[in-house]
Amino acid sequence: QARTAMSQARESALRLQHPYIAPEHMLLALTDERTGRAPQLLETFDIDLASLRSTIESKLESGEAPVSARQLPFTDGAKRVLESTVDEARRLNSRTIGSEHVLLGLLREPTGVVKTVLADEGVDLQAARLRVSAPPKR
């Protein structure tokens with residue numbers, strides 16, 4: 001799931017004509033995801049994913065020139081999120097890294113668009129960790 005989310009983050013960056021992958025692209029990818037736990041987790045905070053996506057996109061400017069489909073570099077913030085993602089999966093004793101761990105990694109970023117948007121929606125790291133570690137509802 002985490003690999004799929006990173007692929008979708010790349011697609012978001014390309015669509016917005018950004019020559020890099022940033023945490024904002026990662027969160028956009030999680031709002032697009034259909035089968036992972038991150039969208040379900042966000043919905044437990046009563047977040048409308050389409051609205052969240054619009055809010056994020058409204059805070060980002062599109063690039064001015066088309067970006068080629070070559071490999072896009074990760075920003076320093078995105079690299080920190082990836083490191084935090086792995087740390088969160090380990091902390092929760094998970095054998096795999098899922099989109100829910102990417103969301104937790106995003107929540108660990110101290111500043112930026114992602115932090116502001118998620119805080120405005122009432123999502124914080126501690127509450128999200130509790131919900132990730134709770135058994136899934138059937």
Side-chain angles (χ1 to χ4, degrees):
Q1 290 176 345
R3 259 190 232 131
T4 300
M6 291 310 101
S7 177
Q8 290 173 323
R10 181 180 177 280
E11 293 304 315
S12 292
L14 287 170
R15 184 175 47 76
L16 292 167
Q17 299 179 344
H18 294 164
Y20 53 82
I21 297 171
E24 297 82 6
H25 303 118
M26 295 171 162
L27 185 55
L28 284 172
L30 297 181
T31 66
D32 275 344
E33 196 177 25
R34 300 288 180 244
T35 59
R37 283 194 64 200
Q40 296 167 358
L41 180 62
L42 289 167
E43 288 172 345
T44 68
F45 287 93
D46 295 323
I47 294 173
D48 177 81
L49 296 178
S51 176
L52 178 62
R53 179 178 191 73
S54 294
T55 300
I56 298 162
E57 288 181 345
S58 73
K59 296 184 180 298
L60 300 176
E61 293 183 26
S62 290
E64 294 182 14
V67 177
S68 71
R70 64 177 163 64
Q71 189 165 6
L72 301 178
F74 286 91
T75 63
D76 289 343
K79 289 176 187 175
R80 283 191 307 272
V81 168
L82 291 173
E83 291 169 2
S84 296
T85 296
V86 172
D87 185 58
E88 288 295 330
R90 283 188 189 131
R91 173 186 284 229
L92 294 168
N93 297 316
S94 179
R95 293 180 183 202
T96 60
I97 300 174
S99 62
E100 68 275 19
H101 302 116
V102 175
L103 179 59
L104 294 174
L106 286 165
L107 286 165
R108 285 176 52 172
E109 270 300 283
T111 60
V113 171
V114 170
K115 182 73 165 188
T116 301
V117 168
L118 291 176
D120 288 349
E121 293 287 346
V123 182
D124 69 64
L125 180 59
Q126 292 308 103
R129 274 188 187 144
L130 287 172
R131 293 175 191 201
V132 167
S133 60
K137 292 182 180 177
R138 298 183 188 243

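Positions are given from 1 along the sequence.
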Between atom CG of Asp124 and atom CG of Leu118, what is the distance when rounded to the nearest 0.5 Å? 10.0 Å
Heavy-atom pair of closest approach, residues Leu30 and Ala5: CD2-CB, 4.0 Å
What I'd like to find out is whether the side chain of Glu24 reaches to under 4.5 Å of the side chain of Val113, using heavy atoms alone. yes
Keeping the roles fixed (side chain from Arg37, backbone from Val132), state whether a donor-acceptor pair exists under 3.5 Å. yes
Output yes when a side-chain donor or acceptor of Thr85 lies under 3.5 Å from a complementary backbone atom of Val81, and no otherwise. yes
Show every salt bridge (Lys or Arg N to Asp or Glu O under 4.0 Å) that has at least one partner inside residues 11-20, sequence neighbours left out. Arg15-Glu57
Backbone of Ile47 reached by a side-chain donor or acceptor of Ser51 within 3.5 Å: no
Donor-acceptor contact below 3.5 Å, side chain Arg53 vs main chain Thr31: no
Cation over ring, Arg131 on Phe45, under 6.0 Å and within 45°? yes
Quick one: closest heavy-atom pair of Ala13 and Leu72, and the distance? CB-CD1, 3.7 Å
Hydrophobic clusters here meaning ILVMFWY residues chained together by side-chain heavy-atom distances under 4.5 Å, can you tell me if Leu42 and Leu92 are in one? yes
His18 (side chain) donor-acceptor with Ser12 (main chain) under 3.5 angstrom: no
Minimum side-chain heavy-atom gap Met26-Phe74 below 4.5 Å: yes
Could you name each residue pair satisfying side-chain hydrogen bond (donor to acceptor under 3.5 Å, both in side chains) that touches residues 88-102, not counting sequence neighbours? Glu33-Ser99, Glu88-Arg108, Glu88-Arg129
Heavy-atom pair of closest approach, residues Ala89 and Ile97: CB-CG1, 3.9 Å
Going through the checks in order, is the side-chain contact (heavy atoms from CB on, under 4.5 Å) test met by His25 and Leu16? CA-CA 9 Å; His25 303 118; Leu16 292 167; 4.1 Å; yes
What about Leu52 and Leu104, same hydrophobic cluster or not, with Ile/Leu/Val/Met/Phe/Trp/Tyr joined at side-chain heavy-atom distances under 4.5 Å? yes
Would you say that Arg10 contacts Leu14 through its side chain, given a criterion of any heavy-atom pair below 4.5 Å between the two side chains? yes
What is the minimum heavy-atom distance between Gln17 and Pro19, and which atoms define it? O-CD, 3.9 Å
Distance col, row Lys59:NZ vs Ile56:CD1, nearest 0.5 angstrom, shows 10.0 Å
Do you know which two heavy atoms are closest between Ile21 and Ala9, and how far apart they sit? CG2-CB, 4.0 Å
By side chain to side chain donor-acceptor pair (under 3.5 Å) - contacts of Gln8 (at least two apart): none
Are the side chains of Met6 and Leu82 in touch, meaning some heavy atoms are under 4.5 Å apart? yes
Note, Leu49 side chain near Asp32 side chain (heavy atom, < 4.5 Å): no
Please name the pair of heavy atoms, one in Tyr20 and one in Thr75, separated by the smallest distance, quoted to 0.1 Å. CD1-CG2, 3.6 Å
Contact between Asp120 and Thr55 at the side-chain level, heavy atoms closer than 4.5 Å - yes or no? no
